[in-house]
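Order of listing sets the numbers, starting from 1, for every ligand and every atom in it.
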Amino acid sequence: MDQETLRFAKSNEAKFVENLKNLVKIPSVSFPGFDPKWVVESAEAVAGLLRSSGLQNVEILRIKDAHPYVYGEWMNAPGKPTLLLYAHHDVQPAGRENLWKSAPFEAVEREGRLYGRGTADDKCGAVIHAAAILSYLKTSGKLPLNVKMIIEGEEEIGSPHLEDFLKAYQQKMQADVMILTDTGNYDTGIPSITNSLRGMASLDVTVKSADHPLHSGMWGGPLVDPVQALSKMIASLTDKNGKMTIPGIYSQVRKLSPAEAQSLRSLKYTEKDFRKQAQILPKTKILGGKDLLLSLWRLPSLSVNAIQASSKKDCANIVNESAWCHLGIRLVPDMNPQKSLESLKKALLKSAPWGVSVEFLNENASPAWLAEAQGPAFQAAARALEKGFGKKTVFIGCGGSIPFVGPFAKVLGGAPAILIGAEDPYTNPHSENESLHLGDFFKSIQSAIYLYEELSSLPAKNPERPKALQNRIPAGV
Ligand code: BES
Ligand code: MN
């Protein structure tokens, strides 16, 4: 590889930050209730970035009423392998705007970090690869392998059109290796390859006891309070140590292999690390025993993401007619998503007191993902990251979910899925003041340049795939 390519990337770092800032300006929140026109505008901006980086046949892919995906390719390296680069351009809502130290959709640099919604999760994913591709094309005029890039628009809402997308485009997506740039690093400056993701079983719960709110002085006593009912139901899901009590949850969990256990131990993660990174209050206990990485990556966890009945503003002396919450369980191998969801619902119904009505809505279920993370593609990626970061690459798990990974890898006939990214533990994704460590952003660009070079010497199985693998959606997608 030409040193000139690396130098070009170094001397254009300010421009790449500018590219990222321009994407962050567009509030591409994919959640229902937010104007979808911004996700369209964001798709157009991403398409513009891909075009100006030298990708060809750039187009916006639409399926039914899904938020748009963006595609671009550079397929001029015959006989060389094809990479499929994945990131997403939709983002989470800003949350409480008053808690942001600078406006969420105006990327601002402070102390080596770029603050703004989507800087790290995951607009940097598209910008990193666009930057690496531009650097190659501007210096040597070509890439060392073939590249396809797909930037999703609905990841943060659980990729509801994933199945339709893969049905429509599985041919177009064929590649030898997938690189997904949407996960994090073990610590700032430590390059990491993620080899597992948790899945998800989540839903909305509404508990109802009356037709309308009633004066708490006039009716309070005999009247059932749905907030108390829902609280009891939620509380019944865990014991005093925070462990789930839902029958049939832990019995599904796959035993840790000796290699996994060794890998977790080798990282030497401590309670001190956890407290520092998550910035929890000093007296708040840590649940689930000593093995924190096991709890974070390889055991299920329950969280109640939002809970609502009346509001601070309307708080009056009433007994509410209903209470609502959204909650979910992060799943690990071999938990069956549908079965876990049914167990959760059953436990909630069983604990519902006083004859309240219980309604479930917006159910979501997707499995965990676990890769061997061995073989030449992973080794090549580890070498590339090591060169880009100047530090040894570590293999880590991830407690979060990316529904795309499993089904996508299947459609590619089991092609290796390599998960990397520039999110460090201080990124604060999904929360206020999300930020990207700029040093890691630049190192990720250098790594991507090394990555294409390293992977270019792998054997190319594609694009001529056997017919049997084409036009076939594997079961369970
Ligand atoms: N980038 C995250 C996944 C992630 C989480 C990476 C934590 C590294 C650390 C991704 O965008 C995400 O947040 N996914 C959702 C998926 C859900 C909507 C099914 C998640 O995990 O909540
Ligand atoms: Mn993400």
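Geometric assessment of K172 against the ring of Y71 yields a positive cation-pi assignment under the 6.0 Å and 45° thresholds.
Backbone or side-chain N, O or S atoms of D182 reach the Mn ion (ligand 2) at under 2.8 Å.
Only the side chain of R330 comes within 4.0 Å of ligand 1, counting heavy atoms alone; its backbone N, CA, C and O stay farther away. Only the side chain of D121 comes within 4.0 Å of ligand 1, judged by heavy-atom distances. At a heavy-atom cutoff of 4.0 Å, ligand 1 is contacted by no atom of Q92, backbone or side chain.
The aromatic rings of H129 and Y452 lie parallel to each other, their planes meeting at an angle below 30°, with 60° marking the opposite boundary.
Near P403, with a cut-off below 4.0 Å to any heavy atom, the atoms of ligand 1 are 19 (C). Interface atoms of ligand 1 facing H88, defined by a heavy-atom separation under 4.0 Å, are 11 (O).
Put simply, CG on L20 and CG on L436 are 6.5 Å apart, with the number rounded to the nearest 0.5 Å. Within the model, atoms CD of Q171 and CE of M173 stand 11.0 Å from one another, a figure rounded to the nearest 0.5 Å. Note that OG1 of T284 and CD of Q279 are 12.5 Å apart. Values are rounded to the nearest 0.5 Å. Note that CG of L287 and CG of N241 are 7.5 Å apart. Values are rounded to the nearest 0.5 Å.
The nearest protein atom to atom 3 (C) of ligand 1, hydrogens excluded, is given as S401 O, 3.8 Å; this is a heavy-atom distance. For atom 11 (O) of ligand 1, the nearest non-hydrogen atom of the protein is E155 OE1, 2.7 Å. Nearest protein heavy-atom neighbour of atom 1 (N) of ligand 1: D182 OD1, 2.8 Å.
Between F404 and S159, the closest heavy-atom pair is CD1-OG, 3.9 Å. The minimum heavy-atom distance linking A126 with I151 is given by the pair CB-CD1, 3.8 Å.
Looking only at N/O/S atoms, H88 comes nearest to the Mn ion (ligand 2) through NE2. Shortest distance from the Mn ion (ligand 2) to D121 is reached at OD1 (N/O/S atoms only).
Compare G400, C398, S202 by their heavy atoms: the one nearest to atom 8 (C) of ligand 1 is in C398.
At least one N or O atom of H430, backbone or side chain, sits closer than 3.5 Å to an N or O atom of ligand 1.
Using a 4.0 Å cutoff on heavy atoms, T183 counts as a contact of ligand 1.
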So F395 and L267, side chain to side chain contact (heavy atoms under 4.5 Å, CB included) or not? Walk me through it.
CA-CA 9 Å; F395 286 81; L267 291 168; over 6 Å; no
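Within 4.0 Å of atom 17 (C) of ligand 1, not a single protein heavy atom is present.
With R117 as the fixed residue, the salt bridge (Lys or Arg N to Asp or Glu O under 4.0 Å) test singles out one of E432, E106, E434, E156: E434.
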